[in-house]
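Start at 1 with the first residue, then count along the sequence.
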Amino acid sequence: MLGFIPLNKPSGFTSHDCVAKVRRLLNIKKVGHGGTLDPAATGVLPIAVGKATRLLPFLPENKAYRATIRFGMQTTTDDLQGEVIQRQSASHLTIEEIKPLFNDFLGEIEQIPPIYSAIQRDGKRLYELARKGEIVDIPVRRVKVDKIEVLDWYVEEFCELVVNIECGPGTYIRAIARDIGDKLGVGGTLAALTRTKSCGMILSESISLEELEKQIEEGTFSLNEPGLLLKHLPNITLSLEEGKRWCQGQKIAISSINFVTDDDIIQVNNEAGEFLGISQIISKDTHQILKPKVVIK
């Protein structure tokens with residue numbers, strides 16, 4: 001088995017729980033995921049099966065989330081899973097004073113991750129140190145946020161803002177909720193989070209664990225082919241003989257055709273339409289060489 005599953009992770013499950021469940025359902029050990037979601041979060045969790053686990057680093061990096069930010073509240077974890085450390089009224093806020101603040105969070109920004117996060121410090125996870133009550137110097141990260149747009153706005157029992165956020169890898173949506181609340185002077189915390197896009201997979205095309213189990217029982221389940229998620233990479237088609245030699249680890253010389261990307265990485269297929277893997281390009285004076293990087297055929 002080789003391919004991907006766009007899984008719709010339920011609330012209350014860790015990403016590891018989902019991987020373990022898929023392993024049992026498919027009766028295969030080699031299963032991985034393409035980006036951790038907090039247990040309370042829902043949405044797209046890319047699952048790789050078989051040799052496709054080796055392709056996870058080459059999938060599209062950008063992600064998208066639907067986030068609900070609750071103002072007037074601060075917690076230890078920057079979401080509703082933590083202890084409340086401050087409350088105050090936020091009923092005076094208006095969407096007109098909040099939207100201009102989005103500009104401070106767009107582009108490449110410096111972000112301080114939540115202390116309750118899986119980031120490692122001196123070989124230990126930050127959440128492990130936080131649970132022991134240790135004071136931690138949290139490393140600042142540079143992340144990229146492409147878009148923040150308003151989806152809904154409530155001033156009822158709580159003052160809550162629902163936004164769509166499109167961003168690069170490593171971005172903590174909890175930190176954005178916290179920091180917007182800080183700028184408003186009332187505090188903010190993440191009340192709900194759904195990932196709507198990850199690794200080229202989207203929520204509307206994702207399946208639940210229950211749907212996956214049903215499809216397997218009915219014999220209708222099939223994995224997404226790797227090539228469907230690697231369309232952002234240029235590709236080359238080799239002859240059957242060239243493809244066979246490439247899969248055996250041999251370098252293949254091709255005429256210089258400017259396939260080079262920023263990372264010098266392309267996907268490789270053969271003339272039978274089979275996806276063979278990922279190649280690195282080595283440029284020479286008059287030609288280029290395909291050097292096998294990930295062979296999955």
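- Panel note: side chain T196, backbone A64; a donor-acceptor pair is recorded below 3.5 Å.
- Contacts of K144 classified as salt bridge (charged side-chain N to carboxylate O under 4.0 Å, His left out), with partners at least two apart in sequence or in another chain: D146.
- In this structure, E110 does not pair ionically with R141, as no charged nitrogen and carboxylate oxygen lie closer than 4.0 Å.
- The closest donor-acceptor contact from the side chain of E242 to the backbone of S239 lies under 3.5 Å.
- Between the E218 side chain and the Q215 main chain, no donor and acceptor come within less than 3.5 Å of each other.
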Name each donor-acceptor pair under 3.5 Å that joins a side chain in residues 180-191 to protein atoms two or more places apart or in another chain, with its distance.
unit_1: T189; atom_1: OG1; unit_2: T75; atom_2: OG1; d: 3.3
unit_1: T189; atom_1: OG1; unit_2: D78; atom_2: O; d: 3.1
unit_1: T189; atom_1: OG1; unit_2: D79; atom_2: N; d: 3.0

Name every donor-acceptor pair, under 3.5 Å, that has one atom in a side chain of residues 87-94 and the other anywhere in the protein, sequence neighbours excluded.
unit_1: S89; atom_1: OG; unit_2: S91; atom_2: N; d: 3.4
unit_1: S89; atom_1: OG; unit_2: S91; atom_2: OG; d: 3.1
unit_1: T94; atom_1: OG1; unit_2: E97; atom_2: N; d: 3.4

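- The cationic atom of R195 (NZ for Lys, CZ for Arg) does not lie both less than 6.0 Å from the six-membered ring centre of Y65 and within 45° of the ring axis.
- The side-chain hydrogen bond (donor to acceptor under 3.5 Å, both in side chains) test applied to T53 returns no partner, not counting sequence neighbours.
- Between the side chain of K9 and the backbone N or O of P39, at least one donor-acceptor pair lies under 3.5 Å.
- Here the rule is side-chain hydrogen bond (donor to acceptor under 3.5 Å, both in side chains) with R174, and of T77, D179, D38 only D38 fits it.
- In the hydrophobic cluster analysis, where Ile, Leu, Val, Met, Phe, Trp and Tyr join through side-chain heavy atoms closer than 4.5 angstrom, L203 is grouped apart from L37.
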Using atom types as modelled, flag every donor-acceptor pair under 3.5 Å from a side chain in residues 16-24 to any protein atom, sequence neighbours excluded.
unit_1: D17; atom_1: OD1; unit_2: T14; atom_2: OG1; d: 3.2
unit_1: D17; atom_1: OD2; unit_2: T14; atom_2: N; d: 3.0
unit_1: D17; atom_1: OD2; unit_2: T14; atom_2: OG1; d: 3.1
unit_1: R23; atom_1: NE; unit_2: K29; atom_2: O; d: 2.8
unit_1: R23; atom_1: NH2; unit_2: V31; atom_2: O; d: 3.2

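- Under the salt bridge (charged side-chain N to carboxylate O under 4.0 Å, His left out) criterion, K147 pairs with E166, sequence neighbours left out.
- The neighbour count for R66 CZ, taken as heavy atoms of other residues, nucleotides or ligands under 6.0 Å away, does not exceed 12.
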